[in-house]
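Working notes for the structure below.
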Amino acid sequence: MSIVSYELIDNIGVIRLNYPPVNALSHALRVGVIEAVQQAQDDASEILVLMCEGRTFIAGADIREFGKPAQDPSLPDMLEQLENSGKPIVAAIHGTALGGGFETALACHYRCAVKSAKVGLPEVNLGLLPGAGGTQRTPRLAGAEAALDMITSGSPVSAEKALALNLVDRVVEGDLQEAAIGYARELLEQNAPARRVRDLSAESAEPELFDRYRKQLAKRKRGQIAPQHIVRCVEAAVTLPMDEGLALERKLFLECKASPQSAAMRHMFFAEREAAKVEGLAKDTPTRDINKVAIIGGGTMGGGIAMNFANVGIPVTLVEISDEAIERGLGIIDKNYSITVSKGKLNEDQKQQRMALIQGTTNYADLADMDLVIEAVFENPDLKKEIFKKLDASCKPGAILASNTSYQDIDQIAAATSRPQDVLGMHFFSPANVMKLLEIVRGEHSADDVIQTAMKLAKTIGKVPVLSGNCYGFIGNRMLKPYGSEAQLCLLEGATPAQLDAAMQNFGMAMGPLAVGDLAGLDIGYKAREALTEEQKGDPKTFCIPDALVEMGRLGQKSGAGYYRYDPETRARQPDPEVDELIAAKAAEFGIERRELSDDEIVERLTSALAREGEKILEEGIAQRRSDIDVVYAFGYGFPVYRGGPMFYAQQTAAEG
Ligand code: 3H9
C-alpha cells in the first residue's frame with residue numbers, strides 16, 4: 001500500500017495516510033497528501049475526510065528531516081493546499097495529533113476525534129515552536145491564553161478538553177472511519193462550507209497577558225529561546241493579520257530550528273528512545289510477567305520506589321524490620337500522595353486506591369510469590385548480601401532480584417545467591433517517585449530476559465531506563481566524582497561557592513554542585529571517604545574543604561550551615577565569610593595563588609570533567625552509547641536538556657571551536 005491513498009466512498013473522498021510508526025510528515029507524505037487533495041478537486045466527491053492508518057493520527061513533522069536540507073513542498077505548502085481546497089475537509093483524529101499533525105488538522109475545515117485521542121503542540125520540547133500555523137490558528141479557536149498554555153507547556157489535551165476549547169468540533173464513538181463519514185454526511189446535509197480558521201479573528205487579550213507569560217517562562221523555562229518566541233507569535237495572532245502572523249511564525253520557527261538548543265533537544269528526543277534499546281538483544285527477547293513487587297526497606301527511597309508501582313496498579317509489599325518501621329514508611333507515602341492531592345493532580349479516591357495497593361510485612365515468607373523484589377536499604381555491602389541470601393531462600397524460582405544500590409558491586413551481591421542470572425541493579429534516583437531516570441545495571445551473569453524485563457518495566461512505570469555495566473557508581477555517580485573534584489579545584493584557585501553555583505545554574509543546571517552537597521549533607525561524603533585508603537581518596541585538594549567544613553560542624557542545610565549559611569526559617573542561603581576564609585587558608589596551605597575565574601571557565605572545566613569521565617565509561621563499555629550518558633545526566637542529575645547532556649555539549653562546543 002502506498003503511504004497516501006485516496007478512495008471515493010459514494011460522494012465522500014477519503015484520504016488515508018499510512019506511514020508507520022507515527023505517520024510523521026515526511027517529504028513523501030507531504031507530496032502524497034497534496035496529490036490526493038488535487039485529485040479530489042476534480043472527481044465526484046463533495047467533501048473529504050483525512051485520516052490515518054496505524055496507531056495514531058500524524059504525530060508531527062518528521063524530526064529526522066530537521067538536520068537535513070529542507071525539501072519542497074514544505075509543510076506550510078501542504079497546509080495551504082488543504083485550507084484552500086474548494087471541498088470541505090474533515091480531519092478524523094485518533095491516537096495523538098501532535099505538532100505538525102495537529103497543525104494539519106487545524107488547516108482542515110472540520111475536526112472530529114475519538115474519545116481516547118489527544119491533540120497538542122509539543123514543539124517547545126524540541127526547542128521549536130509550531131511552524132505551520134499552530135501559533136496563529138490555535139488562538140483563533142481557543143483564545144490567546146489557552147493557546148499560550150498549550151503551546152508553551154507542550155502538553156497535549158484530551159479530545160474532550162479540545163472540544164471544550166473549540167479545537168475539535170466533535171468527539172465521536174466507535175469506528176473512526178464510519179463516524180467521520182457520518183459526520184461528513186451531516187455537514188453535507190447542512191451545506192456546511194469549507195470553513196477556514198484563518199478567517200476568524202483571535203479575540204483580543206488583556207494587555208498584561210503576554211508580559212505575564214514572558215516573565216513566568218523566563219523562570220520556568222530559564223535560558224530557553226523557543227518559549228519566548230512562542231509568546232511573540234501568539235501575540236501576533238491577536239495583533240496582526242493572519243499572513244503577517246504566519247510570516248513571523250515561520251521566521252522564528254526557522255531561527256529555532258537552526259539553534260543549538262533545538263539541535264540539543266532533538267538529540268535528547270532520539271537519545272531517550274535509543275537508551276531503551278539493548279544492543280545484542282533481539283526485540284522479541286521474552287520478558288517475565290511482573291504482577292507483584294516487593295521492596296526491601298520502607299525509607300524515603302523504598303517508599304518512593306513503591307509509589308511507582310502503585311501508580312500503575314501493581315500491588316507492592318514493603319518489607320521492614322518492625323511494625324513501627326512499616327507504619328513510618330506507609331506514613332511517608334501517604335503524606336507524599338496527600339501533597340499530590342493538594343496540588344490537584346490526584347483525587348482522594350485515586351489516592352486511596354493507590355494506598356490500598358501498598359502493604360507492609362516483616363516476614364520474608366510473604367515474598368514467596370513475588371515476581372520482582374527490589375532491595376533499597378542503606379549502603380552496607382554486608383547487609384545487602386545478607387538480604388539477598390534471605391531472598392534466595394524465600395522467593396520462587398524465576399523471581400527477579402534487584403538492588404537499588406548506588407555504588408555496590410552487583411556481582412558480589414549476586415554471588416550471595418544461588419541464582420545470579422536473576423539478579424541485577426535497578427538504581428532509582430531521589431525522589432524516586434519523581435525522577436525519571438532508572439539505571440539498569442547488568443551484572444556478569446544477569447540473564448537477557450531479566451534485563452529485557454527491567455527495561456520494559458521501566459517504561460511501564462514511566463521511567464527512562466539506561467543500561468549500565470557494573471562499576472563503582474555506575475554511569476551517573478561515577479561521573480559525579482571528577483565533576484565535584486573540579487569544583488573543589490575552582491574554589492581553591494579563586495572562585496567563591498556562590499559564584500561557582502551561580503555559574504552552573506546560569507548554565508542551566510537545576511542546582512550548583514555545592515548547593516547540592518549542602519542539601520544532601522556533607523557528612524555523607526565525609527563518612528564514605530573515611531572508609532577509603534589514602535590512594536582511593538585521591539588528591540587531598542579535591543576534598544580538604546568539605547572535610548574541614550564537616551569537622552567545623554557544618555554538615556549542610558540540616559545543621560544550618562555548610563558551604564553557605566541557611567536561614568533557619570526560610571532555608572534561604574547566604575554566602576558566609578567564614579567559608580571564604582577557610583578556602584583562602586586551604587589554598588595557602590597548598591601554595592595555590594588565587595585569581596579571578598570567569599563563569600565561562602568554571603562551566604567549561606566542570607562540564608569537561610563530566611565528558612572526560614564519560615569517555616572512559618564508554619571506552620570501558622560501561623555505557624552502551626555516548627547518548628545514553630546524556631540521558632543519564634539530563635534525567636537524573638538536572639543537566640539542562642537544551643544543552644543536550646554533557647557528551648553532546650562537549651562535542652557541540654568543540655565543533656564551534
Ligand atoms: C513539528 O511538528 C514541527 C511543526 O510544527 C512545523 C514544521 C514546519 N518524527 O515515542 P515512541 C519515532 S515538530 C520522526 O517510542 P510512543 C520514534 O523515534 C514534531 N520520528 O512511541 C520511534 O522510533 P524508533 C512535533 C518520530 O508510542 C517511533 O517513532 N511532534 C516522530 O511511546 C515510536 O516513537 C512531536 O514532538 C517524529 N515526529 O509515543 C511528537 N515521533 O522506534 C514526537 C516519533 O526507531 N513523538 N518518532 O525508536 C512523540 O511524542 C511520541 O513518539 C508519540 C508516540 C506520542 C507520537
Side-chain angles (χ1 to χ4, degrees), residues 3 17 19-30 33 52 54-68 70-80 82 93-107 116-138 147 150-151 153-158 226 229-230 233 246-247 249-259 262-263 265-279 283 436 455-456 458-460 462-465 625 627-628 631 641:
I3 62 172
L17 279 50
Y19 185 53
V22 297
N23 291 306
L25 285 157
S26 64
H27 177 251
L29 203 74
R30 300 194 296 270
V33 170
C52 292
R55 60 170 144 151
T56 180
F57 192 78
I58 306 163
D62 191 337
I63 309 169
R64 288 180 206 275
E65 282 185 1
F66 282 178
K68 303 176 190 157
Q71 263 186 303
D72 284 341
S74 67
L75 184 56
D77 294 338
M78 180 187 111
L79 300 196
E80 203 178 312
L82 290 170
I93 301 170
H94 76 294
T96 42
L98 298 177
F102 185 47
E103 290 175 301
T104 301
L106 291 175
S116 58
K118 287 188 175 167
V119 305
L121 295 162
E123 285 88 342
V124 70
N125 299 327
L126 298 168
L128 298 169
L129 51 91
T135 65
Q136 303 305 297
R137 291 192 177 91
T138 312
M150 216 170 143
I151 309 175
S153 73
S155 307
V157 299
S158 66
H229 279 3
I230 289 168
C233 289
L246 282 179
E249 181 196 75
R250 189 74 189 152
K251 176 174 159 267
L252 296 182
F253 169 77
L254 292 174
E255 193 184 297
C256 286
K257 193 172 91 159
S259 71
S262 178
M265 290 171 98
R266 287 178 341 239
H267 160 76
M268 287 307 303
F269 176 85
F270 290 114
E272 182 186 339
R273 281 153 183 82
E274 275 306 292
K277 296 169 191 162
V278 179
E279 275 166 17
K283 259 197 168 167
K436 297 283 261 179
M455 298 301 280
K456 191 175 143 210
K459 274 203 129 184
T460 309
K463 298 291 180 204
V464 177
R625 39 183 102 78
S627 60
D628 283 7
V631 173
V641 175

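The structure displayed is predicted, hence computed values, not measured ones. Order of appearance sets the numbers: ligands from 1, and atoms from 1 within every ligand.
Just one of C256, S259, P122 meets the side-chain contact (heavy atoms from CB on, under 4.5 Å) condition when paired with L128; it is C256.
A pairwise comparison of heavy atoms in A24 and L29 identifies O-CD2, 3.4 Å as the closest pair. Looking at every heavy atom in both residues, G131 comes nearest to E103 through N-OE2, 3.4 Å. Across C52 and N23, no two heavy atoms sit closer than the pair CB-ND2, 3.4 Å.
The residue among I151, N23, I63, V124 with a heavy atom at the shortest distance from atom 9 (N) of ligand 1 is I63. When P122, A61, A132, S26 are checked for heavy-atom proximity to atom 38 (N) of ligand 1, A61 turns out nearest. Across the listed options K118, E249, R55, E103, R55 owns the non-hydrogen atom lying nearest to atom 54 (C) of ligand 1. The option with the heavy atom closest to atom 8 (C) of ligand 1, from among K283, K257, R250, R266, is R250.
Closest protein heavy atom to atom 23 (O) of ligand 1: R64 NH2, 3.7 Å. The protein heavy atom nearest to atom 32 (O) of ligand 1 is K459 NZ, 4.4 Å. Looking from atom 41 (N) of ligand 1 to the surrounding protein, the closest heavy atom is V22 CG2, 3.5 Å. Of all protein heavy atoms, the one lying nearest to atom 17 (C) of ligand 1 is R273 CD, 3.8 Å. Scanning the protein for heavy atoms near atom 29 (O) of ligand 1, the closest one is P21 CG, 3.3 Å.
For the pair K277 and ligand 1, the shortest N or O to N or O distance falls below 3.5 Å. At under 3.5 Å, a nitrogen or oxygen of G100, whether backbone or side chain, sits near a nitrogen or oxygen of ligand 1. Any N or O atom pair closer than 3.5 Å counts here, and E123 shares at least one such pair with ligand 1. Residue-to-ligand polar distances keep L129 apart from ligand 1: every N/O pair is separated by 3.5 Å or more. Of the N or O atoms in A59, one or more lie within a sub-3.5 Å distance of an N or O in ligand 1.
K436 has no carboxylate O lying under 4.0 Å from a charged side-chain N of E272, or vice versa, which leaves the two without a salt bridge.
Not a single heavy atom of G134 lies less than 4.0 angstrom from ligand 1. Not close to ligand 1: T56, with no non-hydrogen atom less than 4.0 angstrom away.
At a 4.0 Å heavy-atom cut-off, ligand 1 touches T96 through the side chain alone.
For the residue pair E274/S627, the side-chain donor-acceptor check at 3.5 Å is not satisfied.
Here the side chains of C233 and Q136 are in contact, with some heavy-atom distance below 4.5 Å.
In this structure, the side chain of T56 does not engage the main chain of V22 through any donor-acceptor pair within 3.5 Å.
Geometrically, R273 engages F269 in a cation-pi contact defined by less than 6.0 Å to the ring centre and at most 45° from the axis.
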